[in-house]
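Chain letters run A, B, ... following the sequence lines, proteins first and then strands; every chain starts at 1. Heavy atoms only: backbone and side chains are in, while hydrogens, waters and symmetry mates are out.
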Amino acid sequence: MNSEENKEGSPLDFIRTMVAEDIKTNKHGGRVETRFPPEPNGYLHIGHAKAICLDFGVANEFGGVCHLRMDDTNPTKEDMEYAESIMNDVRWLGFDWGKHLYYASDYFEKMYECAVELIKRGKAYVCDLTPEEWPEYRGTLTVPGKSSQYRERSIEENLDLFRRMRDGDFADGSKVVRAKIDLASPNIHMRDPAIYRIRREHHYRTGNDWCIYPMYDFAHCLEDYFERITHSLCTLEFEIHRPLYDWFLINLGFEDRPEQTEFARLALTYTVMSKRKLLMLVQENLVHGWDDPRMPTICGLRRRGYTPEAIRKFCEVIGITKYNSLTDVALLEHCLREDLNKLTPRVLAVMNPLKVVITNYPDGQVDELEAVNNPEDPEAGSRIVPFSREIYIDRNDFMEDPPNKYFRLAPGREVRLRYGFFIKCENVIKDADDNILEIHCTYDPETRGGSAPDGRKVKGTIHWVSANHAVKAEVRLYDRLFMVEQPGEDDIDFRTQLNPDSLKIAECWLEPSLANVKPGELFQFERQGYFCVDLDSTPELPVFNLTVTLKDSWSKNQGK
RNA sequence: AGCCCCGUGGUGUAACGGUAGCACAAGUGAUUCUGAUUCACUUUGUUGAGGUUCAAAUCCUUACGGGGCUACCA
């Protein structure tokens with residue numbers, strides 16, 4: 001009867017096979033309905049993206065629909081701010097739930113009726129055991145539970161007590177409703193789990209209408225059933241809850257039941273994914289909010305310059321399994337680079353300026369040079385960048401005493417200015433303390449545009465901006481937030497594993513075409529990495545967030 | 001400890017019982033007006049032991065290893 005017995009291949013294949021089979025056998029009238037059911041108690045993160053892609057992906061693949069449902073049955077932690085951010089993020093990721101937006105809290109009345117029905121069927125009872133007393137009756141992993149006096153209350157008494165629980169006759173925590181299942185079950189979740197609790201708490205949607213709230217195990221299968229979900233996909237930790245999921249629906253006499261299937265949640269190296277810990281980072285100001293670009297939240301990734309396409313590609317590539325794995329963030333970054341590489345315009349920018357005076361270039365003269373916007377995309381066209389006697393190059397692009405395989409500028413060496421001219425370093429100007437103030441170069445007018453008529457080659461091409469034309473901006477360099485592969489493990493406070501250098505702020509000098517960039521625009525600063533103009537940007541001082549640094553074997557070799 | 005789930009290169013994943021493949025990472029080389037990109041090549045794997053079979057990553061047994069569950073959270 002359980003299709004899992006015929007399981008073959010990977011869980012994703014299993015899910016596909018199952019859905020295809022169900023369509024073929026007309027199990028749910030050929031319908032496919034899935035759902036993404038977050039609790040609105042925090043912001044969505046990359047782990048949720050995996051679930052979203054699966055839930056919506058399966059529905060789309062089989063011509064079904066996917067619901068977005070706020071699983072808001074616990075009034076203490078939930079808020080509309082979260083619900084709105086969730087809708088925003090799902091939409092941004094590129095998924096559409098159409099008219100299928102639901103709130104579990106809209107079902108409170110129906111759920112209450114289901115609990116009444118369960119009581120009427122002798123399948124649930126009101127229990128007066130305190131949370132402290134309960135473990136004694138529930139038993140342990142090895143010891144079966146035992147019955148309490150409350151377990152044998154009459155149906156009439158239970159109905160009356162449950163009614164009065166709803167009416168507010170009893171104090172918070174003084175009574176719960178329990179499903180009457182099996183106190184000796186090896187599965188602890190089947191040992192008379194609580195399905196309703198008393199909690200006088202303002203709910204962000206139902207206000208003070210209710211003082212009793214349903215528990216997850218009872219509520220979730222009902223939500224799925226009410227919405228006529230066919231395939232209920234969830235993470236592995238709910239596997240052991242599945243018998244309960246089925247028990248409620250069966251004992252309520254429901255037909256055409258949804259079926260729960262579990263898959264592994266995402267774990268990423270160097271990344272904290274626990275909502276609790278992410279909330280702590282926000283509350284303790286260890287980051288600047290849920291959308292801090294260092295956060296693994298969808299909004300954080302968005303602000304950092306991640307594209308929905310890159311995230312969806314990542315979710316596709318990691319696959320679906322039934323065992324816990326630890327995925328390398330490098331894979332996520334690879335997916336982003338792959339996407340950004342083909343769509344981001346290249347721009348010239350210098351982050352750590354060193355002045356270069358072109359001694360044989362006339363003062364006051366300006367050359368307008370043509371620069372290709374994106375070599376990967378001919379459609380992207382080109383732009384003009386000004387060149388003049390004084391320019392800035394990056395300090396890293398000059399070494400007074402270069403090691404063997406250094407390709408860039410050094411005394412006596414010639415390099416190419418990207419889209420510009422060949423320049424040769426003739427002189428290094430220093431102050432009394434031996435600090436390099438500026439360098440003097442000569443340029444070869446014949447090399448305008450970047451190639452020499454005599455065919456001579458240079459080993460390096462460096463980036464530059466005209467000192468008089470440059471636009472200043474702020475760059476925030478975000479490194480990974482955590483230094484260890486799996487933060488917060490082994491009883492170590494995960495906060496002690498934060499990378500102190502995860503955020504560096506620097507000024508940079510941009511080519512003039514970037515004077516009016518808009519928030520959210522993406523760029524590649526050539527040879528330095530991918531950038532996203534921050535949503536906080538002002539026209540006077542754009543703020544760029546670094547997303548992923550380009551692969552740079554030069555800097556790697558430096559580390560060895 | 002009882003119950004449940006799961007073991008394929010460094011990582012993430014494929015393979016009706018029939019050639020162990022792909023991607024990332026790493027390395028080498030080529031091309032390059034970004035030390036990027038692109039391209040080519042290379043290294044590394046079925047947890048162990050028994051079975052069943054002409055044939056096992058796949059089926060069975062067992063050992064070992066990893067994960068989950070003991071909330072009036074979801």
What are the two closest non-hydrogen atoms of A:Asp55 and A:Thr34, and how far apart are they? O-OG1, 2.8 Å
Between [X] ([atom1]) and [N] ([atom2]), how many Å, whole number?
X	N	atom1	atom2	result
A:His203	B:A74	NE2	P	10 Å
A:Lys405	B:U28	NZ	P	8 Å
A:Phe523	B:U34	CZ	C1'	17 Å
A:Arg416	B:U34	CZ	P	7 Å

Under 6.0 Å between ring centres: does that hold for A:Phe525 and A:Phe531? yes
Are the ring centres of A:Tyr245 and A:Phe238 closer than 6.0 Å? no
Among [options], find the nucleotide with the atom closest to the side chain of [X].
X	options	value
A:Tyr406	B:G35, B:A74, B:A1	B:G35
A:Tyr323	B:G12, B:A1, B:C6	B:C6
A:Leu550	B:U34, B:A74, B:G12	B:U34
A:Leu141	B:A74, B:C24, B:G2	B:G2
A:Arg418	B:U34, B:C5, B:G12	B:U34
A:His241	B:A74, B:A25, B:G2	B:A74
A:Asn341	B:U37, B:G68, B:G2	B:U37
A:Glu376	B:A14, B:A74, B:U37	B:U37
A:Arg337	B:G68, B:U70, B:A25	B:A25
A:Pro131	B:C73, B:C5, B:C72	B:C72

Would you say a side-chain N or O of [X] is under 4.0 Å from OP1 or OP2 of [N]?
X	N	result
A:Arg527	B:G35	yes
A:His189	B:C69	no
A:Arg199	B:A71	no
A:Thr140	B:A1	no
A:Arg138	B:G2	no
A:Thr321	B:U13	yes

Tell me the partner of [N], counting only Watson-Crick (N1-N3 plus N6-O4 or O6-N4) or G-U wobble (N1-O2 and O6-N3) with both under 3.5 Å; none if nothing fits.
N	result
B:U70	none
B:U8	none
B:A1	none
B:U46	none
B:C59	B:G51
B:A40	B:U28

For [X], report the nucleic acid contact type (base, sugar-phosphate, nothing); a contact means any heavy atom under 4.0 Å.
X	result
A:Leu129	base
A:Gln528	nothing
A:Leu326	sugar-phosphate
A:Ile240	base
A:Ser185	nothing
A:Lys275	nothing
A:Pro193	nothing
A:Phe238	base
A:Asn187	nothing

Quantified in whole Å, what is the [atom1] atom distance between nucleotide [N] and nucleotide [M]?
N	M	atom1	answer
B:G50	B:A55	P	15 Å
B:U43	B:A26	C1'	8 Å
B:G12	B:G17	C1'	26 Å
B:G67	B:G51	P	32 Å
B:A25	B:A71	C1'	41 Å

Using heavy atoms to find the nearest nucleotide of RNA chain B for A:Ser325 and A:Lys459 separately, return the residue whose nucleotide is more 5′. A:Ser325
Would you kindly compare A:Gly460 and A:Gly173 by the position of their nearest RNA chain B nucleotide and give the one closer to the 5′ end? A:Gly460
Distance under 6.0 Å and angle within 45° of ring axis: A:Arg242 vs A:Trp247: no
The residue among A:Phe162, A:Phe218, A:Tyr213 that forms ring-ring contact (aromatic ring centres under 6.0 Å, His included) with A:Tyr112 is A:Phe162
According to the interplanar angle, ranging from 0 to 90°, do the rings of A:Phe387 and A:Trp464 count as parallel (below 30°), tilted (30 to 60°) or perpendicular (above 60°)? perpendicular
Heavy-atom count around A:Lys459 NZ within 6.0 Å, excluding the residue itself: above 12? no
Do other residues, nucleotides or ligands put more than 12 heavy atoms under 6.0 Å from the CZ atom of A:Arg383? yes
